[in-house]
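Counting starts at 1 for both ligands and their atoms, following the listed order. All residue numbers in this chain count up from 1 along the given sequence. Source: prediction; values computed, not measured.
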Amino acid sequence: MSDTWRAVEIAATDTHPVRLAVLRADTPTKQVSFAEDEWPGAVHLGVFDGERLVGISSWIPRELAQRPGTPAFQLRGMATLTAHQGRGVGATLVRAGIAHADAHGAQTVWANARDAALGFYLAHGFVVIGDGFVDETTQLPHHRVVTDWSR
Ligand SMILES: CC(C)(COP(=O)(O)OP(=O)(O)OC[C@H]1O[C@@H](n2cnc3c(N)ncnc32)[C@H](O)[C@@H]1OP(=O)(O)O)[C@@H](O)C(=O)NCCC(=O)NCCS
């Protein structure tokens, strides 16, 4: 089904409406920009349904604290508009982002995953490392997930 969709590069600010609608719907903060958004090498990917941006993800070159010295990308701001969830948009974004990270020398992609979305990451080959924690910004339970931990 995800062959229907295509991920394209967008500007950091383009992500804001979807971040607000999906990731800030029930959080104490409505902050939609991340300090890392403009880091060198940071890339923002979007999926459009016609003219409408319906899914987003941000890919930040950033080492994983548990694996210092290993080139890595952090996946942040993964979100699909509610009406478009479950239709392969997220899968398209993750595949494109991991391909981008691979092409730029990353050996690991990692994310701080909301527990409510953990199944999504596990479906895409991520594994959980460490104990769960409550994210300071969202106040939601999370686990850290990584790809290719064995490499
Ligand atoms: C998590 C999210 C980004 C997934 O995007 P999506 O476009 O719905 O994902 P897809 O339709 O591509 O689903 C891909 C696979 O992951 C699974 N999946 C998707 N969301 C899931 C969830 N919340 N829990 C468990 N599995 C999930 C799907 O069943 C699908 O598996 P399948 O291919 O075997 O059917 C989306 O549901 C979302 O925006 N959720 C709210 C915000 C959020 O929690 N973001 C993550 C922050 S860390």
Does the side chain of His104 reach to within under 4.5 Å of the side chain of Trp59, using non-hydrogen atoms? no
Taking the side chain as C-beta and beyond, is there a heavy-atom pair between Leu64 and Arg144 under 4.5 Å? yes
Side chains of Thr27 and Thr137, heavy atoms from C-beta outward: is any pair under 4.5 Å? no
Which ligand 1 atoms, with their elements, are less than 4.0 angstrom from a heavy-atom of Ala91? 12 (O)
Any heavy atom of Ala111 under 4.0 Å from ligand 1? The part involved is neither
Would you say Trp110 and Gln66 make side-chain contact, with heavy atoms under 4.5 Å? no
With a cut-off of 4.0 Å, which atoms of ligand 1 are near a heavy atom of Val22? 39 (O), 41 (C), 42 (C)
Quick check: does Gly90 get an N/O under 3.5 Å from an N/O on ligand 1? yes
May I ask you to check if ligand 1 and Ala123 share an N or O to N or O distance below 3.5 Å? no
Who gets closest to atom 38 (C) of ligand 1 by heavy atom: His143, Met78, Gln85, Arg19? Gln85
Proximal ligand 1 atoms for Thr80, defined as those under 4.0 Å from one of its heavy atoms: 5 (O), 6 (P), 7 (O), 38 (C), 39 (O)
For ligand 1, which atoms have a heavy atom of Arg114 less than 4.0 angstrom away? 44 (O), 47 (C), 48 (S)
So, the side chain of Gln85 versus the backbone of Thr80: is there a donor-acceptor pair under 3.5 Å, distance only? yes
Any nitrogen or oxygen of Asn112, side chain or backbone, less than 3.5 Å from one on ligand 1? no
Proximity of Tyr121 and His143 rings by center, below 6.0 Å: no
Is there side-chain contact between Leu20 and Lys30, with at least one heavy-atom pair below 4.5 Å? yes
Enumerate the atoms of ligand 1 whose separation from the nearest heavy atom of Val89 is less than 4.0 angstrom. 7 (O), 12 (O)
Short version for His142: what comes under 4.0 Å of ligand 1, heavy atoms counted, is neither
With heavy atoms and a 4.0 Å threshold, my read on which part of Trp5 contacts ligand 1 is neither
When you compare ligand 1 with Leu23, is there at least one nitrogen or oxygen pair between them that comes in under 3.5 angstrom? no
Give the numbers and elements of all ligand 1 atoms closer than 4.0 Å to a heavy atom of Ala79. 39 (O)
For a 4.5 angstrom cut-off between non-hydrogen side-chain atoms, does Val128 reach Leu122? yes
Indicate yes or no: at least one non-hydrogen side-chain atom of Ser57 is less than 4.5 angstrom from one of Leu75. yes
Backbone or side chain, does any N or O of His84 fall under 3.5 Å from an N or O of ligand 1? no
Taking only heavy atoms of Gly88 into account, list the atoms of ligand 1 that are under 4.0 Å away from them. 10 (P), 11 (O), 12 (O)
If we number the atoms of ligand 1 from 1 as shown, the ones under 4.0 Å from a heavy atom of Gly119 are 25 (C), 26 (N)
Going by the side chain to side chain contact (heavy atoms under 4.5 Å, CB included) test, name the single residue among Val89, Val22, Leu53 that passes it with Leu81. Val22
Arg24 side chain near Thr29 side chain, heavy-atom distance below 4.5 Å: yes
